[in-house]
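Accompanying notes for the structure given below.
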Amino acid sequence: MTTNDVSAEGAHNPGPARKGRRSRFWRRLAIRLMVIVAFYCATGAAAAEAYVESVPLPDAPIEPQASTLYFRDGSTILARVGTVDHSDVPLSVVPKPVRDAILAAEDRSFYDHGGFSVRGLARALVADVSGGQQGASTITQQYARNAFLTQDVSVGRKAKELALSVQLERKYTKDQIFERYLNTIYYGRGAQGIAAAAHAYFGITPDQLTAAQGAVLASVIKDPWGFDPANDAHAAQVRWKWVVKSEQTLGWLKDDLVYPKVDAANAKNPGADGIIIDRVERELAAHGVTSQMLHTRGLKVITTLDATAQRAAVKQVKKKLDAQPDDLRAALVALDPGTGGVRAYYGGAERGYFDDASASHPAASTFKPIVLAAALEKNIGVNSRWDGSSPRIFPGRLGVPLKNHLDLQCPSCTLKAAMVDSLNTPFYAVTEQIGTDAVRDMAWALGISKKYGTAPTLVDVKGDPKPGKTRADIAIGRYAVTPGDLATVYATFASGGVRHDRFFVQTATAAGGERLYTAVPKSTPVLDKAAASDISSVLSAVVTSDKVVPGRPAAGKTGTQQWGNTKDNQDAWMAGYTPELASVVWIGKAKPGPIREKSGKAIEGETVPAKLWSDFTRDALTGSPVQALPKATHIGRTDVGDAGKTKTGTKGGESSDQSRQNQDGKLGFGTPVVRTAGTGKRLALTFDDGPSSYTPEILDLLAKNGVRATFCMVGEEVERYPELVRRVIAEGHTLCNHSWKHDDLGQMSAADARADIERTDAAISVAAPGATVPFFRAPYGSWGTSNKEGAKLGHTPLGWVVDPDDWLLPGADVIADRIETQLTPRAVVLVHDGGGEREQTIEALTKLIPKLKADGWTFDLPEKTVASHPLPQQSTKPESPSPSESSSAPPQSGDDDPSGDDPSSDDPGDGDSPSDGESPDEGDGTPGDDAPDNGNDTPGTGGPTTATTTGAPADPGR
């Protein structure tokens with residue numbers, strides 16, 4: 001190849017030559033950069049050294065100074081906050097396991113670095129550039145900051161912190177620095193230094209601390225309030241476990257530790273002021289102003305609290321509670337609707353750190369305005385009409401009827417009237433129509449937190465019918481909320497639909513005048529202004545009706561949460577507002593239980609809470625100009641309610657859901673019956689989960705007292721005790737299908753549910769050929785599809801009104817008392833035959849039945865809404881039929897009973913009883929007394945009912 005050839009080839013293939021030139025270029029650039037970096041590192045190091053030497057190292061730490069909290073005027077003192085316990089101890093008295101725990105938590109490489117961590121500084125720099133905060137401080141840096149500097153996050157302060165850290169490392173040994181750190185750091189509870197902390201948390205001197213106790217103290221350094229077990233036991237133990245695990249990973253701890261007993265916290269500022277300090281401390285810490293700064297650096301903190309309002313709160317709470325039993329507790333939260341600033345806050349008095357204003361309780365009827373807000377957003381107006389009959393059956397109630405307070409009736413009721421009378425059934429109906437998600441989302445938007453701690457709000461918890469889901473019981477205040485959150489909700493109504501997030505602090509200023517924090521109130525429009533006006537108009541009518549107007553235009557709502565299945569209450573609320581102040585009052589106990597006045601009268605929302613709210617509002621606004629509430633705008637449709645659509649107004653004013661003949665495809669088909677066939681002072685005993693070994697004793701008891709009852713049979717138990725099925729029929733009692741294994745049919749398809757019911761029918765037919773089974777009682781949690789399938793097969797779905805919960809209650813007397821407490825005319829009473837220990841149930845009924853008869857009660861069967869018929873005779877043991885074999889046509893309303901029974905033969909007429917007090921339809925316990933399925937298809941009048949069942953909440957009432 002010639003030279004020309006090579007040149008030509010290079011011209012056509014320039015790659016290798018170009019690559020060589022690029023390589024030489026990058027080598028020369030790298031060399032130059034290295035020279036530049038080396039030069040600047042050298043000059044930078046010299047400059048850094050010069051800076052370190054220029055920062056003077058103080059001879060002694062800054063002395064702790066108390067901070068002052070002011071009311072919103074900036075001059076009236078609210079409280080003083082500072083460490084009250086501080087004494088230095090030598091490092092030698094602090095046990096090594098305690099020192100190891102603190103090193104593991106705060107600075108694992110303390111004895112190896114020169115005062116700062118390069119990686120930590122880089123991490124902090126990245127965080128600062130991105131707008132966040134990252135401590136990454138060594139123990140030396142923490143000591144420098146806490147002992148000599150302010151706590152701001154400026155570049156200048158950080159530079160000084162590093163310079164002081166380097167000087168400290170040069171001047172003192174590691175042990176000397178660590179000793180100073182341990183004696184300077186703030187541990188919470190007003191304790192500065194390890195000696196004060198050992199006393200505050202364990203009542204001992206530091207030399208007595210164990211490894212487990214040392215881990216507790218190491219845990220609280222990061223967040224002295226949040227990791228104090230007196231404030232958040234769960235968070236404290238999680239942090240403690242992390243510290244212990246860190247020690248074990250490092251090889252500093254070989255033993256497994258048990259979380260130690262920690263002394264209760266003694267409030268340094270007891271009562272309402274102490275709890276406010278807690279709130280202020282948490283809020284400041286969230287914005288970078290640490291607990292140590294608040295307790296040691298002489299800050300000036302201007303809060304949002306109003307001196308007049310706060311004093312009115314303390315005065316009125318004390319005045320109202322002094323006249324009541326000692327175990328009652330109260331909470332009061334008042335907000336400025338225009339900013340969200342807390343104007344008054346009462347979470348308890350003389351109770352250390354516990355804050356009733358931040359504890360959650362069922363909201364009861366104070367939640368109904370949230371339902372109204374959600375309805376207005378869905379274009380449902382306050383003058384739309386709804387069925388306010390009581391009781392009513394709703395699908396979401398799992399067969400348990402819902403009643404209004406005092407059984408108030410309003411078959412065609414506007415939402416405004418329903419709010420004034422605090423009716424439950426209309427708001428429940430609204431919620432089922434618009435969906436529970438709409439109500440829950442509106443509650444969150446208005447101000448209810450989405451979580452309390454780690455637990456989601458406004459959903460069922462474990463043990464409820466639908467864990468993690470929101471049921472329509474949200475409409476009646478089923479779910480717990482805090483007084484603070486509820487105050488934000490009502491403040492949002494008062495502000496015209498704009499939510500202003502709640503806050504306590506306006507500004508925080510260092511002793512030298514440096515501004516450390518300035519609040520920026522957060523506002524979010526969440527509700528149409530016209531809708532908020534309509535809500536104010538409705539709630540204004542409530543306040544006027546309840547006669548709790550505080551001397552100026554106001555709006556509000558009371559609420560009362562029932563205590564279990566009793567006639568007592570456990571929570572009583574009043575929530576309301578004027579244009580310039582929104583406030584919430586709660587009355588209850590530390591542990592839920594009956595709340596009564598000293599006279600013994602049950603406390604309700606319209607009693608003590610309403611009076612407290614009214615008097616507080618009047619006093620808090622003394623001297624303030626009177627402002628008018630907005631006028632109603634009447635948005636939304638009025639033709640969307642269910643009044644008249646549920647066919648209310650049948651004989652006796654009953655809802656047709658409970659009284660009419662059901663018919664497939666029409667409203668209410670498959671609705672459980674909860675009343676007796678006859679009218680008057682009657683009840684129907686229904687025994688579940690049998691037959692069993694206890695059934696003979698129950699039958700003997702019923703025969704002795706001449707009582708007929710309904711027995712709900714579980715298919716597999718029927719196979720075990722066929723002779724008892726025959727005896728039940730022979731002695732004049734009525735049968736009820738209770739599924740094959742008492743399994744939950746709620747998630748089954750219609751075909752599978754039908755097959756299950758048919759299998760149980762077949763078992764009954766084998767045990768008692770030609771038997772009639774008038775009723776179907778779905779297992780708990782299975783109402784709905786299974787009830788409809790039962791009705792198609794000729795069984796009236798059966799519910800109940802009275803449930804003594806005899807699965808769980810200890811003792812016959814308790815069961816008897818629960819039945820008697822819940823009993824109302826025409827009630828279906830649920831007790832158990834099979835499963836568990838039934839001796840106490842039999843004992844309870846042995847005492848109760850004669851007593852009830854002596855009191856004028858008579859015993860009846862439940863009413864029938866579906867025509868029943870004899871089962872086909874079975875000659876072999878039943879097998880589970882396939883869905884395709886389930887072809888029975890549903891009975892039609894008005895069909896004659898194929899069994900041949902004449903309903904009129906047992907018609908008790910107007911409910912009057914013979915002169916001897918016995919009902920004409922009661923059996924005498926002898927065979928052939930009356931047909932087993934005999935009932936009364938004619939509806940009658942009935943009195944008020946109360947409805948509760950295991951897993952279903954008692955109605956909040958009002």
Side-chain angles (χ1 to χ4, degrees), residues 271-272 274-276 278-279 282-283 304-305 309-310 312-314 316-318 320-321 328-337 340-349 351 353-370 443-444 446-453 457-458 477-494 499-504 539 556-561 569-577 581-592 595 603-605 608-617 620 956:
I275 290 171
I276 289 170
D278 285 347
R279 295 298 113 202
R282 298 311 294 153
E283 189 168 301
T304 63
L305 285 108
Q310 181 62 24
V314 174
Q316 289 298 340
V317 169
K318 185 177 186 303
K320 299 300 185 294
L321 290 191
L328 286 183
R329 301 173 79 144
L332 188 154
V333 181
L335 308 178
D336 177 355
V342 179
R343 293 292 183 249
Y345 195 87
Y346 184 94
R351 292 196 184 94
Y353 290 93
F354 189 81
D355 183 358
D356 286 308
S358 293
S360 58
H361 312 276
S365 288
T366 59
F367 206 89
K368 288 173 182 170
I370 299 176
W444 285 339
L446 290 170
I448 302 299
S449 300
K450 290 190 175 182
K451 285 187 177 181
Y452 290 144
T457 61
L458 307 181
R478 163 70 176 84
Y479 301 110
V481 303
T482 67
D485 277 357
L486 197 59
T488 298
V489 169
Y490 279 70
T492 303
F493 294 149
R499 187 190 72 233
H500 301 277
D501 290 359
R502 200 164 61 252
F503 69 106
F504 283 85
L539 297 186
K557 184 73 186 74
T558 59
T560 309
Q561 175 65 30
N569 306 315
Q570 70 176 45
D571 301 285
W573 298 80
M574 174 66 196
Y577 54 91
L581 190 69
S583 52
V584 166
V585 171
W586 167 85
I587 300 289
K589 290 184 176 180
K591 182 178 180 181
I595 52 173
I603 293 177
E604 300 183 346
V608 179
K611 180 63 175 172
L612 171 54
W613 176 85
S614 178
D615 290 349
F616 159 75
T617 302

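Values reported hereafter were calculated over all heavy atoms of this structure, with side chains retained and with hydrogens, waters and symmetry mates removed.
Shown here are the ring-ring contact (aromatic ring centres under 6.0 Å, His included) partners of F503, two or more places apart in sequence or in another chain: there are none. Annotation: side chain to side chain contact (heavy atoms under 4.5 Å, CB included) contacts of K318 (sequence neighbours excluded): D322. Residues that satisfy the side chain to side chain contact (heavy atoms under 4.5 Å, CB included) test with A494, not counting sequence neighbours, are P337, Y577. By the side chain to side chain contact (heavy atoms under 4.5 Å, CB included) test, D336 pairs with T339, R343, sequence neighbours left out. Y490 meets the ring-ring contact (aromatic ring centres under 6.0 Å, His included) test with F493; sequence neighbours excluded. Annotation: side chain to side chain donor-acceptor pair (under 3.5 Å) contacts of S360 (sequence neighbours excluded): none. Taking the side chain to side chain donor-acceptor pair (under 3.5 Å) definition, one finds that Q310 meets it with nothing, sequence neighbours left out. Evaluation of the side chain to side chain contact (heavy atoms under 4.5 Å, CB included) rule for T488 yields L335, T492, R499, R502 as partners, not counting sequence neighbours. Every ring-ring contact (aromatic ring centres under 6.0 Å, His included) that Y345 has, sequence neighbours left out, goes to F504.
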Problem - Worked check of side chain to side chain contact (heavy atoms under 4.5 Å, CB included) between I448 and Y479 - result: CA-CA 11 Å; I448 302 299; Y479 301 110; over 6 Å; no

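Listed by first and then second residue, the salt bridge (charged side-chain N to carboxylate O under 4.0 Å, His left out) pairs that reach into residues 358-367 come to none, sequence neighbours excluded.
With hydrogens and angles ignored, the 3.5 Å screen pairs a side-chain donor or acceptor of T482 with a backbone N or O of D485.
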